[in-house]
Amino acid sequence: LILKTIVNNYYNVFNIKNIAISYQRRKIMNTLKVFAMSAVPLIEQRGAIPLGILFYHMNPSFVFMVSFLGSLLPVPFILLMFNSIFKWMKKYKFFDPINNIIENKIRKNSGKMEKYKEIGLITFVAIPLPTTGLWTGSAIAAFLGLDFKKSLLCTSIGGILSAFIITILCVVFPALF
């Protein structure tokens, strides 16, 4: 009875249960932040992986998987709906500035993609530079009318390569970020 009282008092004084719950919530929230950030255009894995590894001090392998899955989330939707949305936007003058930016970006990168198709798409997505990535690669694949399954596979492979490169860079050269 005395030991139970001491343990309960120790437990209540240091509030261990609330600390453990708070820690778990923070881990879950950080994981969700990495997942969501990797699905955002332009940021994608290039921002999510350094955030998870360097700022949240998460396991690099775990961040690699969460970021890859998050960046893959919008790909099927882009492949299936990009052309329809783009055609709809072209009907309205209001969207002209956005349409011009999209067309210029796609035309700039589509020449390489048309020539090399799958290898070009994988390479384009795998290069972790601004304006390359799963969003842009998916949009280009949809714009060029490439096969859905092949495009999904190629963007997935490119996404894995990109996530691997960024993860290695964050672990080996953290000062770059």
Side-chain angles (χ1 to χ4, degrees), residues 1-82 84-85 98 102 105 118 121-142 148-177:
L1 183 65
I2 295 172
L3 183 60
K4 185 176 179 183
T5 306
I6 292 171
V7 169
N8 284 340
N9 287 338
Y10 179 82
Y11 183 76
N12 290 334
V13 168
F14 291 102
N15 207 1
I16 293 171
K17 182 179 178 184
N18 289 340
I19 292 170
I21 291 171
S22 174
Y23 176 74
Q24 287 296 348
R25 283 185 185 150
R26 190 170 62 245
K27 279 179 62 175
I28 291 168
M29 288 306 298
N30 290 346
T31 301
L32 290 174
K33 287 176 189 175
V34 169
F35 181 84
M37 183 177 271
S38 64
V40 173
L42 297 176
I43 298 173
E44 295 184 36
Q45 298 170 342
R46 293 176 299 275
I49 292 174
L51 178 75
I53 294 173
L54 302 175
F55 294 102
Y56 295 150
H57 306 289
M58 297 167 71
N59 180 314
S61 300
F62 182 69
V63 172
F64 169 85
M65 285 306 302
V66 169
S67 178
F68 169 69
L69 293 174
S71 64
L72 197 59
L73 180 69
V75 171
F77 301 105
I78 296 168
L79 290 171
L80 291 172
M81 297 186 294
F82 177 79
S84 301
I85 294 170
I98 296 170
I102 291 171
K105 194 161 291 287
E118 290 84 9
L121 183 57
I122 292 169
T123 305
F124 180 81
V125 172
I127 299 170
L129 294 173
T131 72
T132 66
L134 281 89
W135 274 83
T136 310
S138 299
I140 292 171
F148 175 80
K149 289 180 184 177
K150 284 183 182 178
S151 298
L152 185 60
L153 178 65
C154 291
T155 52
S156 299
I157 293 169
I160 287 173
L161 293 171
S162 176
F164 180 75
I165 292 167
I166 297 166
T167 302
I168 294 298
L169 288 173
C170 284
V171 171
V172 177
F173 303 109
L176 290 176
F177 301 90

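Both backbone and side-chain heavy atoms feed into the values below; hydrogens, waters and symmetry mates do not.
Shortest non-hydrogen contact noted between N59 and S61 is OD1-N, 2.7 Å. Taking each heavy atom of I166 and P50 in turn, the nearest pair found is CG2-CD, 4.0 Å. For the residue pair G137 and F124, the shortest heavy atom distance occurs at N-CE2, 3.8 Å. Shown here for C170 and I53, the closest heavy-atom pair between the two residues is CB-CD1, 4.0 Å. Shortest non-hydrogen contact noted between G133 and V125 is O-CG2, 3.6 Å.
A donor-acceptor contact shorter than 3.5 Å links the side chain of Q45 to the backbone of G159. W135 places no side-chain N or O within 3.5 Å of a backbone atom of S71 that could act as its donor or acceptor partner. In terms of modelled atom types and a separation under 3.5 Å, the side chain of T132 and the main chain of I127 share a donor-acceptor contact. One N or O on the side chain of E44 and one on the backbone of L134 form a donor-acceptor pair closer than 3.5 Å. Using modelled atom types, no side-chain atom of S162 and backbone atom of G158 make a donor-acceptor pair closer than 3.5 Å.
With a 6.0 Å radius and a threshold of 12 heavy atoms from other residues, nucleotides or ligands, F164 has its CZ atom at or below the threshold. Other residues, nucleotides and ligands contribute only 12 or fewer heavy atoms inside 6.0 Å of the CZ atom of F77.
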Could you go through the side chain to side chain contact (heavy atoms under 4.5 Å, CB included) check for F55 and N30 one step at a time? CA-CA 10 Å; F55 294 102; N30 290 346; over 6 Å; no

Pair V34-F62, side chain to side chain contact (heavy atoms under 4.5 Å, CB included): steps then yes or no: CA-CA 10 Å; V34 169; F62 182 69; over 6 Å; no

May I have the step-by-step check of side chain to side chain contact (heavy atoms under 4.5 Å, CB included) for T167 and V63, ending in yes or no? CA-CA 8 Å; T167 302; V63 172; 5.8 Å; no

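Residues passing the side-chain hydrogen bond (donor to acceptor under 3.5 Å, both in side chains) test with S67: none are found, sequence neighbours excluded.
Rounded to the nearest 0.5 Å, atoms OG1 (T123) and CD1 (I157) are 10.5 Å apart. To the nearest 0.5 Å, the span separating OG1 on T155 from CG on L79 amounts to 6.0 Å. Within the model, atoms SG of C154 and CG of L121 stand 5.0 Å from one another, a figure rounded to the nearest 0.5 Å. One distance of note links CE of M65 with CG of L69; it measures 4.5 Å at 0.5 Å rounding. F68 CZ to L161 CG: the interatomic distance, rounded to the nearest 0.5 Å, is 9.5 Å. Here the straight-line distance linking atom CD1 of I165 with atom CD1 of I160 works out to 12.0 Å at 0.5 Å rounding.
Proximity of F82 to I102: side-chain heavy atoms (C-beta onward) are separated by under 4.5 Å at one or more points.
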